[in-house]
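Just so you know, these numbers come straight off a predicted model, no measurement behind them. First the proteins, then the strands, lettered A, B, ... as listed; each starts at 1.
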2 protein chains.
Amino acid sequence: MVTIYDIAKQANVSAMTVSKVINNTGKISEKTRARVKKIMEEMNYVPNSMARSLVLQETKMLSLLIPDITNPFFTTLARGAEDAAMRLGYKLLFGNSDESLTKEKEYVDMILSTRVDGVLFSAASDLSEPHLQTLRKHRIPFVLLDREVPGVESDAVTGNSREGARKLVEHLVGLGHRRIALVNGSLSVSTARDRLDGYKDALKLNDIPFDESLAFESSYKHFEDEGMLRRMLELPDPPTAVFAGNNFLAVGLIRKLLELGVKVPDRMSVVCFDDLGASVIDPFFTVASQPAYQFGAMGIQLLVDRIKGATTPEWKKLVLPSELIVRGSSGRPPA
Amino acid sequence: MVTIYDIAKQANVSAMTVSKVINNTGKISEKTRARVKKIMEEMNYVPNSMARSLVLQETKMLSLLIPDITNPFFTTLARGAEDAAMRLGYKLLFGNSDESLTKEKEYVDMILSTRVDGVLFSAASDLSEPHLQTLRKHRIPFVLLDREVPGVESDAVTGNSREGARKLVEHLVGLGHRRIALVNGSLSVSTARDRLDGYKDALKLNDIPFDESLAFESSYKHFEDEGMLRRMLELPDPPTAVFAGNNFLAVGLIRKLLELGVKVPDRMSVVCFDDLGASVIDPFFTVASQPAYQFGAMGIQLLVDRIKGATTPEWKKLVLPSELIVRGSSGRPPA
DNA sequence: AAAATTAAGTTTACCGATAACCCCAACATA
DNA sequence: TATGTTGGGGTTATCGGTAAACTTAATTTT
């Protein structure tokens, strides 16, 4: 590989002069500058960013840790982060924890040894807390994305899960539903708790008692059934609508419902959080849509501000609104 | 940040001894080893991988460049690559070129300055050739993924697009279709050309003449219509089936068809390459399914073999089969 | 008992870049 | 004439680690 010393030799100058040409610093005559530049071109010189990072103590790399790379919400978020990072002159090191704490830990170790300048962190669950403490201990700035983690103070970009959930459920109530089930992600994830709260809010506002036998906990990754659905349908007073904690849960749920011959929305309405991405033929789901791209873009912005110290010491909390989009999966309850 | 020198001082040994403990090399007594390890723990030491890379001349990082991060085919491929890379002790630097040559070039520059050990490259188009030549010039090993690039010899993992296309079209012929349209990606992408060839193969095998007015060129990113569909339907002898070059084209196509009131598969059958991922409620498309995860995993394997010189000099070409999966989007032509 | 090994570390140089400081001639100023 | 000042560049030390060669005392071999 060509180094500044090779260039320096060819150009009959010192390595420092070459460095100055590269960085446009110091006093170099136009003649020398041009000569050095020409030689750099000819020799296909590319600066070694590791050597530079070592002395500058910054890598110009950020890391993005997401819990599910197959979920369109997170891939869209990733695009937003990537675009913003590139625009601000940073590279982005992706990590996909697959909602697994073990994998997440491996990524945190990697992040530390890579000396990235900051991390965009979408936690696998509340149990990610030690990982975040590790980052904090090593003074690596981070911004939480989508999910807050109890016991961890930091900058964060989240959605308004509680309000979004309330709007979805109130939409169902407005259609005439009174028996509304909740199929949620794991309650060890903050958004799942918020969505549960929003669900309860909506019930309370409409004088519907909270019925525990209608509230289920599954996983955001996929709908873990284990007969839950059948039990739900066999209830003395079964639900006429379901609020699914996220897009994948809704998909899994509907698949099962179809299998069981339960038509949506005729016999059962289904609403959920988050859109389903570009690969859907017929946007069918009534959703609380979140601006996923913005999550990523704003997250990077906050992170870079923090890295550069271009912000006040208080933690910045950005809450992005979700939008209720009514489509075909929700309708009036059967008579 | 804690360095080996800090550790060395605490442990009353030289930095080299610490280095040897870390790498399990050289001769160090069990006593010293234990003491140094304990101190590393206590001080939360994490090796600086840049410093190490600088002297070892290897980064243990690979780069994966894909053209569309929103497409489930590529995200699944990415997961395969990520898992394999981590298993082999490599980090993965993702890049999303968005099918844009400009972005792709930016990533290539980044790759060079980051000194990654190798690149998994899914080219935006044939015009990516100069980018690959740049990598070659700098002796960065790469493996082409999914798409070949004319004028570039290299290791590659591809699908059998020609055969997959033939199978899909023969399936349509078997159902009784004779007027079969092709809505393809840009012909500057190798898979699109192969799929066109496979389409022609199937026609020829069944004595159906190739009709140019039924072959359209769009983009793999999304269905660019511009009245193409209307023209197609208004043909004197309109098609009864369409073979779409990939999943996104099929989705775009079906959306338009639904808008125009053309029922699938009743009035029009649609088949395509590649599955649609986990966010689909009801697997509906008849597809040639490719083992996307394997593309990534095998690609990494090939790449690492090449990096380590654990392979013969000839270029390895891995062709992964595609599987015809018949579902609801294809049926008999209308009577 | 002398020579040869070996165990356990240490010293030195280097990877490729940059910051901070130094140098010297040419010109301007008092 | 003596003294700044400035343009254009060079020297040296350093970032955090590792390879290779070197040291020294203890142990083994002959």
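Phosphate contact (OP1/OP2 of dG8(D), side-chain N/O of Lys27(A), threshold under 4.0 Å): absent. The side chain of Ser29(A) contributes an N or O atom lying less than 4.0 Å from OP1 or OP2 of dG9(D). Using a 4.0 Å cut-off, no side-chain N or O of Ser49(A) falls inside it from OP1 or OP2 of dA17(C). Phosphate proximity of dG9(D) to Thr32(A): present, with a side-chain N or O under 4.0 Å from OP1 or OP2. Regarding contacts with the backbone of dC15(D), every side-chain N or O of Ser53(A) stays at 4.0 angstrom or more from both OP1 and OP2.
Test Lys316(B), Lys317(B), Arg306(B) against Asp155(B) for salt bridge (charged side-chain N to carboxylate O under 4.0 Å, His left out) and you get one pass: Arg306(B).
Between Arg35(B) atom CZ and dG9(C) atom C1' there is a gap of 11 Å when expressed in whole angstrom units. One can place CG of Asn24(B) at 14 Å from P of dG9(C), the figure rounded to the nearest angstrom. For the pair Glu30(A) CD and dG9(D) C1', the interatomic distance rounds to 15 Å; values are reported in whole Å.
Taking OG1 of Thr76(A) as the start and CD of Gln290(A) as the end, the distance is 11.5 Å to the nearest 0.5 Å. Remark: Asp146(A) CG to Phe73(A) CZ distance equals 4.0 Å, nearest 0.5 Å.
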Q | Check against side-chain hydrogen bond (donor to acceptor under 3.5 Å, both in side chains), Ser63(A) and Tyr107(A) | A | CA-CA 9 Å; Ser63(A) 182; Tyr107(A) 269 112; over 6 Å; no
Q: Dump the intermediate steps for salt bridge (charged side-chain N to carboxylate O under 4.0 Å, His left out) on Glu42(A) and Lys38(A), then the final yes or no.
A: CA-CA 6 Å; Glu42(A) 284 169 10; Lys38(A) 183 155 158 267; 3.5 Å; yes
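A salt bridge links Asp109(A) with Lys105(A): the closest approach of a Lys/Arg side-chain nitrogen to an acidic carboxylate oxygen falls below 4.0 angstrom. Using a 4.0 Å cut-off between charged nitrogen and carboxylate oxygen, Asp68(A) and Arg79(B) do not count as a salt-bridge pair. Salt bridge Lys103(B)/Asp83(A): present, at least one basic N to carboxylate O contact under 4.0 Å.
Fit an axis to the five pairs at each end of the helix from dA1(C)-dT30(D) to dA30(C)-dT1(D) and the two axes sit 50° apart, to the nearest 10 degrees.
The closest side-chain donor-acceptor pair between Ser128(A) and Glu104(A) falls under 3.5 angstrom.
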Q | Sequence-aligned protein contact record of nucleotides 16-26 of chain D, with B where the base is within under 4.0 Å of a protein heavy atom and S where only the sugar-phosphate is | A | BBBBB------
